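So the structure is just underneath, and the comments pick up after that.
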Amino acid sequence: MVLVYSDDKKLTLELLNKAQELGKELHKKVIAVTIGHEEFAKEFLEHGADVVIVIETSLQQFKAEEYTSILQSIMKDHGNEVVLIGSNKNGKELAARLAAKLDAGCVMDCLKVSLHDKKLTTERIVYSGNAIAVEEFTTAPQIITIQPKVFDPLPRNEHHKGEIVKKKIEPEHSPSKIVKTQEMKSEGVNVEDAEIIVSCGRGFKKKEDIKLVSDLADVLKGRTVGCSRPIAADLKWLSEDHWIGLSGHKVKPKLYIACGISGQIQHIAGMRDSGVIVAINKDPEALIFKSADYGIVGDLYEVLPKLTSAIKEKIG
Amino acid sequence: MNLIVCAKQVVDVAEIKLDASTKKPILVGVPQKISDMDKNALEEAIKIKEKHGGKITVVTVGAPDAKERMKELLAMGADEGVLVPPPDHADYHVTAHLLAGAIQKIGSYDIILCGEASIDLFSGQMGPRIAGLLNIPQITYAQSITVDHNKVLSEKNLGEKAVSMESPFPVLITVTKESNQPRLPSLMAILSSSSKPIHEWPLTGVSPEALLPKVHTMDIKGIPMQRKNIIYQDDLDQSISKLVDELGKVGVLR
Ligand SMILES: Cc1cc2nc3c(=O)[nH]c(=O)nc-3n(C[C@H](O)[C@H](O)[C@H](O)COP(=O)(O)OP(=O)(O)OC[C@H]3O[C@@H](n4cnc5c(N)ncnc54)[C@H](O)[C@@H]3O)c2cc1C
Ligand SMILES: Nc1ncnc2c1ncn2[C@@H]1O[C@H](COP(=O)(O)O)[C@@H](O)[C@H]1O
């Protein structure tokens with residue numbers, strides 16, 4: 001079987017698209033798993049699952065040890081060719097632990113997946129964005145994780161019928177405990193969906209100055225502000241949903257404007273697929289200019305207000 | 001406290017160049033270093049040791065020249081090093097078994113620390129794999145670690161959520177870049193670390209099946225970045241009006 005799991009419903013729908021294609025080629029059923037969310041089952045069927053397994057459990061929250069034992073128990077009952085897991089932080093630690101438990105291969109953050117001789121061939125970014133590794137599994141089970149937006153969900157098909165199976169699994173108990181969960185301040189931006197992104201980096205001297213990028217973003221119809229890792233992770237001037245790069249969000253807007261960002265390879269890894277890239281930096285030697293279509297060498301405090309009003313004038 | 005830090009020798013990704021004709025990255029001759037977040041992991045271990053006492057062992061699966069890089073970790077504050085050479089073909093499955101095997105051979109461990117991810121492969125896979133093989137709890141993406149008697153408390157950062165976890169020993173924790181600022185060893189520390197041992201352990205105690213990779217790397221392709229590189233650097237007002245014109249022409253202002 002081809003098993004699909006993510007704690008993110010949207011990502012599950014995206015993975016189902018690829019799973020269905022792999023299932024056809026392998027002549028195997030596509031099984032989507034939801035842990036505790038019966039209400040998603042019908043939608044998973046309509047987007048390509050042949051079977052939805054609804055796990056009824058007393059677990060309140062994700063813990064890799066426990067979720068791993070749940071997936072392991074499903075795989076024991078249903079065979080185990082291919083496992084697709086949504087690549088977020090929970091998904092990655094789950095996939096890796098599961099792979100260890102099954103002595104299986106695992107490839108994280110695949111961008112391309114194909115089958116040769118029933119074995120998966122995958123492509124993923126390595127060396128912080130310098131290269132793509134093409135890897136091939138030698139044997140099942142084959143576990144891969146896939147990030148958001150790599151595949152689109154299949155259009156909804158109300159006629160795609162399947163089976164909903166409820167299962168009670170009491171997972172193996174883990175001695176660790178979640179003592180507190182705190183929602184982080186999030187501005188609810190979704191950089192992955194943005195058509196235009198204006199990003200800020202350490203070239204900004206203080207938090208309030210970020211208004212310069214949001215003003216420009218507002219004038220452009222994209223309205224989305226992105227940032228480099230230090231702005232979100234070290235300075236915490238913006239919430240992490242703005243963070244772009246290797247360890248942040250991967251984006252492909254039609255226009256990406258990088259302001260006061262040096263252009264280290266790890267930042268480029270998150271935005272290299274953008275349509276047009278513009279860089280504003282006061283250092284003519286800044287790396288970012290090598291990755292840009294257009295650049296302005298200048299002080300962003302001078303450039304941004306002028307650029308904002310020039311664009312406003314142009315598009316009215 | 002017995003603390004184990006898994007540290008990987010990696011190529012310095014900022015120094016990689018693409019071969020002009022094949023467009024593939026040139027990986028030979030690139031300077032090697034210890035993967036960034038593994039130093040954060042060691043820094044956490046040193047802080048725990050400073051408070052609670054104990055011993056820190058650094059474990060690396062890597063080529064013999066990794067010994068040179070490991071010396072830096074001993075100078076920072078690790079007590080001993082263990083170097084296990086990999087077989088010719090190793091994937092995560094194989095390397096995880098080698099690391100877990102070495103850790104079992106060390107014998108006693110309370111906290112195993114890894115980086116959140118290695119900067120060359122950036123999988124975040126090895127830590128949870130080792131925890132799985134040793135059948136111990138795992139806490140990933142830790143931003144802080146506090147040891148209290150017989151348990152450890154750790155804050156993990158999930159972006160939209162911050163989760164505080166508690167675990168008895170033994171436990172495996174992966175550490176983020178923001179958790180701390182790794183110390184730079186003093187000259188004294190560098191000199192006195194030369195007497196600290198680095199053991200080279202052959203591939204013993206690992207079953208032959210564990211040495212058979214499940215994933216083979218078929219190719220490493222380059223990703224050439226083709227951009228126009230039109231840079232305006234003279235009069236600012238002119239630069240801006242040229243840029244806005246261009247952006248209008250290529251159709252991204254609609
Ligand atoms: C494993 C790993 C993962 C990482 N993941 C990410 C990631 O996901 N995303 C990410 O962004 N980074 C990531 N990084 C960090 C990355 O290597 C860089 O450190 C980071 O991107 C630098 O951020 P910056 O460009 O904002 O700051 P800096 O490198 O400090 O650059 C600031 C720039 O602003 C310019 N500047 C200063 N003042 C002005 C002014 N007045 N006007 C115009 N320009 C000005 C300077 O010339 C400089 O180029 C990662 C690093 C590692 C090791
Ligand atoms: N060959 C290795 N030797 C020692 N530790 C390693 C090795 N490979 C990975 N690790 C550890 O596992 C972490 C995650 O690596 P990765 O799964 O490659 O992203 C690293 O930060 C190290 O702590």
Side-chain angles (χ1 to χ4, degrees), chain A residues 64-65 89 92-93 96-97 99-101 103-108 126-128 130-139 174-184 186 233-234 240 246 254-255 265 272 275-277 284 289 291-298 302-303 306-307 310-311 314-315, chain B residues 13-14 16 25 91-93 96 119-125 128-129 131-133 137-141 158-168 171 178 213-223 225 227-233 236-237 239-241 243-244 246-248 250 252-253:
Chain A
E65 299 89 293
K89 286 179 175 170
K92 286 173 78 159
E93 65 162 321
R97 190 174 176 105
K101 290 284 178 192
D103 265 339
C106 173
V107 179
M108 299 287 184
V126 291
Y127 301 117
S128 294
N130 277 302
I132 292 174
V134 184
E135 293 172 288
E136 204 175 272
F137 282 81
T138 57
T139 172
S174 156
S176 71
K177 248 195 341 235
I178 295 172
V179 285
K180 197 174 79 194
T181 305
Q182 198 188 340
E183 295 297 320
M184 297 291 269
S186 141
D234 301 287
E240 293 196 1
L246 182 67
K254 62 178 187 182
L255 174 61
I265 181 89
R272 65 181 319 138
V276 173
I277 297 176
F289 290 124
S291 307
D293 294 295
Y294 305 100
I296 292 188
V297 179
E302 216 183 316
V303 179
K306 288 192 174 184
L307 181 61
I311 289 180
K314 172 109 182 169
I315 54 185
Chain B
V13 291
I16 294 178
D91 64 349
Y92 275 101
H93 161 75
I119 62 159
D120 56 347
L121 299 184
F122 212 75
S123 290
Q125 178 166 175
R129 265 202 192 253
L133 292 177
Q138 67 195 46
I139 301 175
T140 51
Y141 303 100
L158 290 177
E160 70 275 18
K161 265 191 298 196
V163 179
S164 310
M165 294 196 73
E166 193 183 279
S167 175
V171 58
E178 284 76 28
K214 309 284 179 180
V215 174
H216 280 300
T217 303
M218 311 305 285
D219 193 12
I220 301 284
K221 301 194 284 194
I223 323 177
M225 182 83 159
R227 292 287 169 184
K228 289 188 190 142
N229 302 129
I230 301 173
I231 310 299
Y232 306 106
Q233 46 183 332
L236 183 58
D237 291 311
S239 300
I240 286 181
S241 87
L243 173 64
V244 174
E246 280 288 328
L247 293 180
V250 294
V252 291
L253 292 185

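The structure presented is a predicted model; accordingly, all values stated were derived computationally and were not measured.
Side chain of A/T138 to backbone of B/K214: a donor-acceptor contact under 3.5 angstrom is found. Put simply, the side chain of A/K306 never gets that close to the backbone of B/D237: no donor and acceptor are under 3.5 Å apart. In this structure, the side chain of A/S128 does not engage the main chain of B/A14 through any donor-acceptor pair within 3.5 Å. Within the 3.5 Å criterion, the main-chain N or O of A/C106 finds a donor-acceptor partner in the side chain of B/Q125. Within the 3.5 Å criterion, the main-chain N or O of A/F289 finds a donor-acceptor partner in the side chain of B/N229.
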Would A/K89 and B/T140 count as a side-chain contact (heavy atoms from CB on, under 4.5 Å) here? Give the steps. CA-CA 8 Å; A/K89 286 179 175 170; B/T140 51; 6.0 Å; no
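A distance of 9.0 Å separates CG of B/L236 from CG of A/L307, quoted to the nearest 0.5 Å. Here A/E136 contributes atom CD and B/D219 contributes atom CG; the two are 11.5 Å apart, rounded to the nearest 0.5 Å. Atom CZ in B/R129 sits 12.5 Å away from atom CZ in A/R97 (nearest 0.5 Å).
Ranking A/V107, A/T139, A/I277, A/I265 against chain B, the residue ahead of the rest is A/I277, based on heavy-atom pairs under 4.5 Å. When each of A/V297, A/V134, A/V126 is scored by its heavy-atom pairs under 4.5 Å with chain B, the top score falls to A/V134. Each of A/G105, A/A64, A/A104, A/A131 has some count of heavy-atom pairs under 4.5 Å with chain B, and the biggest count is that of A/A131. Of the residues considered (A/P284, A/A233, A/S174, A/A310), A/A233 shows the highest number of contacts with chain B, using heavy-atom pairs under 4.5 Å.
Two residues are said to be in side-chain contact when any heavy atoms from C-beta on lie closer than 4.5 Å; B/K161 and A/E183 meet this criterion.
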